[in-house]
Amino acid sequence: MNEIIFMLADWPVRTIDALIGFGALVLTLLVTIAVVIARSGRRGAELAMAHAIRADELEERLSEVLRAQSESSGRVDAMTQALAGRQAEMARGLNERLDSVTHRVGQSMEHSTRNTMESLRALHERLGIIDSAHKNLTDLTTQVTTLRDVLANKQSRGAFGQARMEAIVQDGLPKGAYEFQFTLSTGKRPDCVVFLPDQRPLCIDAKFPLEAMTALHDARTDEEKRVATQRLRGDVMKHVSDIAEKYLVTGETQEMALMFVPSESVYAEIHDGFDDVIQKAYRARVVLVSPSLLMLAIQVMQQIMKDARMRDAADQIQTEVIKLGDDLGRLRDRVVKLQKHFSDANEDVRQILISADKIEKRAGRIEELDFSKADAPAEGPRLVAGAGELFPRKLQAGE
């Protein structure tokens with residue numbers, strides 16, 4: 001039993017020591033296990049108590065959850081009803097909105113349709129106007145083409161200018177104050193003459209230098225323009241010379257003649273670009289006139305004729321004015337007499353009104369008399385002093 005089993009450092013370990021140590025170790029383990037078991041039992045009780053408390057808490061929480069769930073169910077039902085009511089209101093409002101929008105869309109479509117129909121009708125009318133304008137333009141083109149063909153021929157061009165001149169003269173002067181194709185003592189026949197107050201005719205001749213003007217417009221180079229300018233100047237001066245030579249007869253015609261250019265543009269071109277030609281024509285006592293200037297000249301001639309007729313009738317006008325004065329004097333005397341008659345009539349009417357007022361006053365006094373009193377002495381008739389008659393005095397005018 002006392003054998004050494006092993007050496008622990010310098011300490012020999014015997015069998016008895018090992019048994020004692022083993023027993024102490026087992027005892028220690030047992031004590032430790034008991035302590036652990038005791039502690040475990042206490043912890044189990046604590047855990048059971050904790051679980052019970054937690055179970056109670058869970059039960060309370062569950063009851064609270066159930067109560068909250070029931071409350072939530074009530075709220076959900078209320079919200080469902082509210083949402084149903086709101087949905088019905090929204091559906092009703094949406095239907096009203098849709099009806100209103102549908103009505104407005106219908107009105108808008110009707111208005112748009114009406115506007116579209118009016119626009120189409122206006123467009124149809126405009127198309128009709130355009131068709132008419134196109135027809136007029138076609139007719140105008142035909143007329144312009146015809147006019148170009150007419151102006152291309154010298155005889156036709158002369159007839160055109162003379163026709164314009166005749167229209168202007170006929171519109172501005174009375175018959176007898178002019179004559180077309182009048183024959184002068186020299187045998188020359190101007191296109192038109194106008195008889196002024198001194199009975200000397202004013203000669204008018206229509207000329208149309210179209211070829212030279214067309215050549216000037218068609219010229220592209222300086223040489224062509226120079227040639228066309230010389231040609232136009234020569235043609236106009238030739239017309240001026242012919243008019244001065246043929247239609248200016250001393251003592252028979254006026255000292256000036258008119259050269260009628262039946263185109264405003266041609267006249268303006270000559271007047272603006274050929275001032276030397278205009279001056280030479282003035283010195284030759286020939287005046288170039290356009291349609292507008294011829295109208296003005298005709299108006300001046302008409303006024304001159306009217307002034308001459310007034311001068312010729314001056315004595316007759318003076319006699320008529322004297323007679324008019326005599327008639328006015330007689331009219332004044334008659335008006336004075338009529339005024340006197342009116343004054344007498346007014347005076348008679350005034351006297352009549354005065355008498356009527358007095359008669360009315362006497363009638364009022366008669367109405368105020370009281371005949372019911374028996375003791376009232378009867379008023380006898382009054383005698384007019386100095387008359388010796390049993391009658392009242394007559395009323396005189398003005399009383």
Side-chain angles (χ1 to χ4, degrees), residues 146-147 149-214 231-267 270-271 274 277-306 308-309:
T146 305
L147 180 62
D149 296 338
V150 169
L151 296 179
N153 188 293
K154 286 186 177 181
Q155 295 180 354
S156 301
R157 187 167 63 247
F160 170 74
Q162 185 173 354
R164 291 203 66 184
M165 179 192 63
E166 291 179 358
I168 295 173
V169 173
Q170 289 175 351
D171 291 341
L173 294 177
K175 291 183 178 181
Y178 61 90
E179 186 175 343
F180 301 115
Q181 301 299 323
F182 179 76
T183 303
L184 300 176
S185 61
T186 59
K188 303 299 181 181
R189 300 178 65 184
D191 294 333
C192 178
V193 293
V194 178
F195 300 105
L196 295 179
D198 58 357
Q199 296 303 317
R200 289 192 303 167
L202 175 67
C203 299
I204 305 174
D205 193 71
K207 298 297 180 183
F208 205 145
L210 182 63
E211 291 88 352
M213 185 62 65
T214 304
R231 181 181 177 183
L232 179 60
R233 183 178 284 108
D235 290 347
V236 174
M237 288 307 302
K238 183 179 183 303
H239 293 322
V240 170
S241 300
D242 292 342
I243 293 173
E245 182 181 354
K246 295 178 182 179
Y247 306 137
L248 293 180
V249 181
T250 305
E252 181 180 356
T253 63
Q254 297 291 329
E255 297 179 355
M256 184 173 291
L258 300 180
M259 175 181 168
F260 175 66
V261 180
S263 174
E264 295 286 349
S265 59
V266 174
Y267 174 80
I270 296 174
H271 195 277
F274 299 89
V277 175
I278 300 296
Q279 297 300 325
K280 290 179 181 179
Y282 283 162
R283 287 193 292 271
R285 296 179 299 174
V286 177
V287 179
L288 276 71
V289 294
S290 64
S292 59
L293 291 179
L294 180 60
M295 291 180 187
L296 180 61
I298 293 298
Q299 293 295 326
V300 173
M301 294 177 195
Q302 185 180 12
Q303 189 64 36
I304 291 174
M305 294 177 185
K306 186 183 294 184
R309 289 195 298 271

Gap separating the CZ atom of Arg189 from the CG atom of Asp205, nearest 0.5 angstrom = 12.5 Å

Which atoms form the tightest heavy-atom contact between Leu248 and Ala284, and what is the distance?
-> CD1-O, 3.7 Å

Locate the shortest heavy-atom distance separating Val193 from Pro190; write the atom from each residue and the value.
-> CG1-CG, 3.5 Å

Which atom pairs, donor and acceptor, lie under 3.5 Å between side-chain atoms of residues 291-303 and protein residues at least two apart or in another chain?
| unit_1 | atom_1 | unit_2 | atom_2 | d |
| --- | --- | --- | --- | --- |
| Ser292 | OG | Glu264 | OE2 | 3.1 |
| Ser292 | OG | Ser290 | OG | 3.2 |
| Gln303 | NE2 | Asp307 | OD1 | 3.4 |

Find the distance between CD1 (Ile204) and CD (Glu166) and round it off to the nearest 0.5 Å.
-> 11.0 Å

Taken to the nearest 0.5 Å, the spacing of Leu232 CG from Ile270 CD1 works out to 5.5 Å

Any chance you could lay out the ring pair (Phe, Tyr, Trp, His ring centres under 6.0 Å) test for Phe180 and Tyr178, step after step, and finish with the verdict?
-> CA-CA 7 Å; Phe180 301 115; Tyr178 61 90; 5.4 Å; yes

So, the side chain of Asp191 versus the backbone of Ala206: is there a donor-acceptor pair under 3.5 Å, distance only?
-> yes

Considering only distance and modelled atom types, tabulate donor-acceptor pairs under 3.5 Å from the side chains of residues 253-262, sequence neighbours left out.
| unit_1 | atom_1 | unit_2 | atom_2 | d |
| --- | --- | --- | --- | --- |
| Thr253 | OG1 | Tyr247 | O | 3.4 |
| Thr253 | OG1 | Val249 | N | 2.8 |
| Thr253 | OG1 | Val249 | O | 3.1 |
| Gln254 | NE2 | Asp198 | OD1 | 3.0 |
| Gln254 | NE2 | Asp198 | OD2 | 3.3 |
| Gln254 | NE2 | Arg200 | O | 2.8 |

Spatial distance of atom CD1 (Ile168) from atom CG (Leu173) [nearest 0.5 Å] = 11.0 Å

Spacing of Gln170 atom CD and Cys192 atom SG [to the nearest 0.5 Å] | 9.0 Å

Kindly indicate whether the side chain of Val277, heavy atoms from C-beta on, has any atom under 4.5 Å from the side chain of Leu288.
-> no

How close do Ile278 and His271 get, heavy atom to heavy atom, and via which atoms?
-> CG1-CA, 4.2 Å

Residue pairs passing the salt bridge (Lys or Arg N to Asp or Glu O under 4.0 Å) test with at least one member in residues 239-248, sequence neighbours excluded, are Lys238-Asp242

Report yes if the side chains of Val194 and Met305 come closer than 4.5 Å at any heavy-atom pair, otherwise no.
-> yes

